[in-house]
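In this text, all values refer to a predicted model and were calculated from it rather than measured experimentally. Within every chain, numbering begins at 1; the chains are lettered A, B, ... in the order of the sequence lines, protein sequences first and strands thereafter.
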There are 2 protein chains.
Amino acid sequence: MRELLQQHRFDALSVADILTAAGVSRASFYFYFPSKQAVLGELVREAVAQGQQAARPWIDGQQDPVTALRAGVSDGARLWRDNAGVLMAIVENWASDEGLRALWLEQMNLFTDAAAARIHADLHVRRRLGSMDVRAAAASLTWLGERLYYLAAAAVPPFNNEEVLVDTLTNAWTSILYGDAVTHPDPARGPASAPQRQSSESVPPTPPTE
Amino acid sequence: MRELLQQHRFDALSVADILTAAGVSRASFYFYFPSKQAVLGELVREAVAQGQQAARPWIDGQQDPVTALRAGVSDGARLWRDNAGVLMAIVENWASDEGLRALWLEQMNLFTDAAAARIHADLHVRRRLGSMDVRAAAASLTWLGERLYYLAAAAVPPFNNEEVLVDTLTNAWTSILYGDAVTHPDPARGPASAPQRQSSESVPPTPPTE
DNA sequence: GGCGTGACCATACATCATGTATGGACAACA
DNA sequence: TGTTGTCCATACATGATGTATGGTCACGCC
């Protein structure tokens with residue numbers, strides 16, 4: 001099914017297709033899974049498990065916030081590139097299946113929690129956000145990632161260009177958290193990102209996939 | 001169908017349900033529409049047509065950017081509140097139907113174009129964005145809106161709270177475009193917006209739907 | 001009045017997808 | 001040798017979609 005998803009949309013797959021591709025019988029399929037949605041759930045768990053690992057380093061990272069952020073965003077792009085079929089499938093279908101919904105919202109929550117914790121630990125960011133709801137800000141960045149990675153996977157311009165995707169998403173994180181606009185390579189100007197405060201902690205990057 | 005969508009998800013509706021609710025025969029339905037997706041398309045056109053109008057003021061607006069922004073975001077919230085069923089339906093299904101896909105991407109594009117034009121007209125913002133892709137930044141804000149309004153309609157925390165939704169989305173726009181973080185009511189600080197008083201719901205509407 | 005036509009409706013069908021049986025083959029294991 | 005776990009083929013009940021086919025009824029026109 002993972003392979004089928006690389007070429008067909010989830011709702012275009014019938015269990016018959018899966019049966020054929022997997023070489024098992026209908027009876028066997030329903031013995032192990034209650035539905036094709038359940039299979040997708042398992043595939044998603046596998047995919048995000050990788051992401052969890054990949055995210056580790058920068059979550060507890062000590063490096064410069066913006067650098068860490070950009071690295072995280074790039075990691076996310078890679079995760080999505082490697083699991084485009086499965087991830088697109090759940091993004092398109094979590095609303096229609098209770099199990100998938102719980103799973104995806106949980107993933108988004110985990111990511112949001114990590115980001116919020118990072119923000120909380122950074123006094124400078126906290127001050128900047130003023131009375132803004134920290135969790136809400138973290139959640140919005142999480143979901144922005146979900147959407148942009150999805151659009152990239154769905155080949156929707158301008159996010160079908162990975163560089164644009166990474167620049168834009170990184171810029172969103174840094175702008176909202178630090179107020180610095182320019183995160184990408186541009187030797188021509190430099191009004192924004194000045195001396196980056198190395199406040200004990202940096203920020204949480206990575207996409208909304210773990 | 002518009003009424004049915006207030007209580008049931010689009011894919012849970014059969015044309016039989018629509019037939020019963022509308023009091024027409026199967027034959028008549030298929031005489032006027034090729035599928036239930038086509039009906040949804042019409043409903044979406046109706047809904048966003050309203051939005052188009054409501055957006056005008058903001059688009060050619062002369063008022064203070066941040067105020068205009070917040071007003072627009074609130075407008076969007078209202079539009080979504082008034083058309084939650086229809087808008088949730090298209091957000092959940094544009095990926096699975098070519099017609100709906102073209103329609104929704106067109107709407108997102110129109111909105112992105114308007115935002116990008118605004119940005120281009122504002123030298124200060126252009127400078128701040130540096131070499132960032134203006135259209136990409138505009139598109140990311142458009143899609144962030146789509147996602148957050150949708151989550152609010154789907155009752156996903158923390159966006160099920162309209163004030164949080166508006167504050168967060170407004171903050172994203174102002175942060176990314178102007179670098180000002182605080183857009184909401186915070187007597188403690190005030191580096192950005194002037195005397196902004198946010199009465200959760202007293203502003204005009206304009207979501208990412210036009 | 002006779003008649004075509006447009007707007008509907010009821011019914012039926014072909015097709016396809018899902019999920020649930022039912023019964024049997026086969027190998028490992030005790 | 002019998003039990004059990006893993007699979008398969010087949011069939012079936014249900015429900016959804018989209019396509020006929022044929023009929024009713026009102027209206028406007030000659």
ask   = Residues two or more places apart in sequence or in another chain: which of them pass ring-ring contact (aromatic ring centres under 6.0 Å, His included) with Tyr150(A)?
value = none
request  = Using atom CG of Asp11(A) as one end and atom P of dC16(C) as the other, report the distance to the nearest whole Å.
outcome  = 18 Å
message = Tell me the interatomic distance from Ile18(B), atom CD1, to dG18(D), atom P, rounded to whole angstroms.
response = 10 Å
Exercise answer: donor-acceptor pairs, residues 41-48 of chain B side-chain atoms, under 3.5 Å, sequence neighbours excluded:
from, atom 1, to, atom 2, distance (Å)
Glu46(B), OE1, Arg2(B), NH1, 2.5

query = Could you give the CG-to-P distance, from Asp17(B) to dA16(D), as a whole number of Å?
reply = 7 Å
ask   = Which whole-number value in Å describes the distance from Leu19(A) CG to dT18(C) C1'?
value = 12 Å
key: side chain to side chain donor-acceptor pair (under 3.5 Å) involving Asp82(B) - partner list, sequence neighbours excluded   = none
task = Please check if the side chain of Ser96(A) supplies one atom and the backbone of Asn93(A) the other of a donor-acceptor pair under 3.5 Å.
result = yes
Nucleotide nearest Ser14(B) (side chain, heavy atoms from C-beta), chosen from dT18(C), dA16(D), dG18(D) = dA16(D)
inquiry  = Strictly under 4.0 angstrom, non-hydrogen atoms only: write out the protein contact profile of nucleotides 6-13 of chain D, one letter per nucleotide from the 5' end, B, S or -.
reply    = SSBB-B--
query = To the nearest Å, how far apart are Tyr30(B) OH and dA16(D) P?
reply = 11 Å
task = Report the residues that fulfil side chain to side chain contact (heavy atoms under 4.5 Å, CB included) with Phe31(B), sequence neighbours left out, ordered by chain and then residue number.
result = none
query = Which residues pass the side chain to side chain donor-acceptor pair (under 3.5 Å) test with Asn109(A), sequence neighbours left out?
reply = Arg135(A)
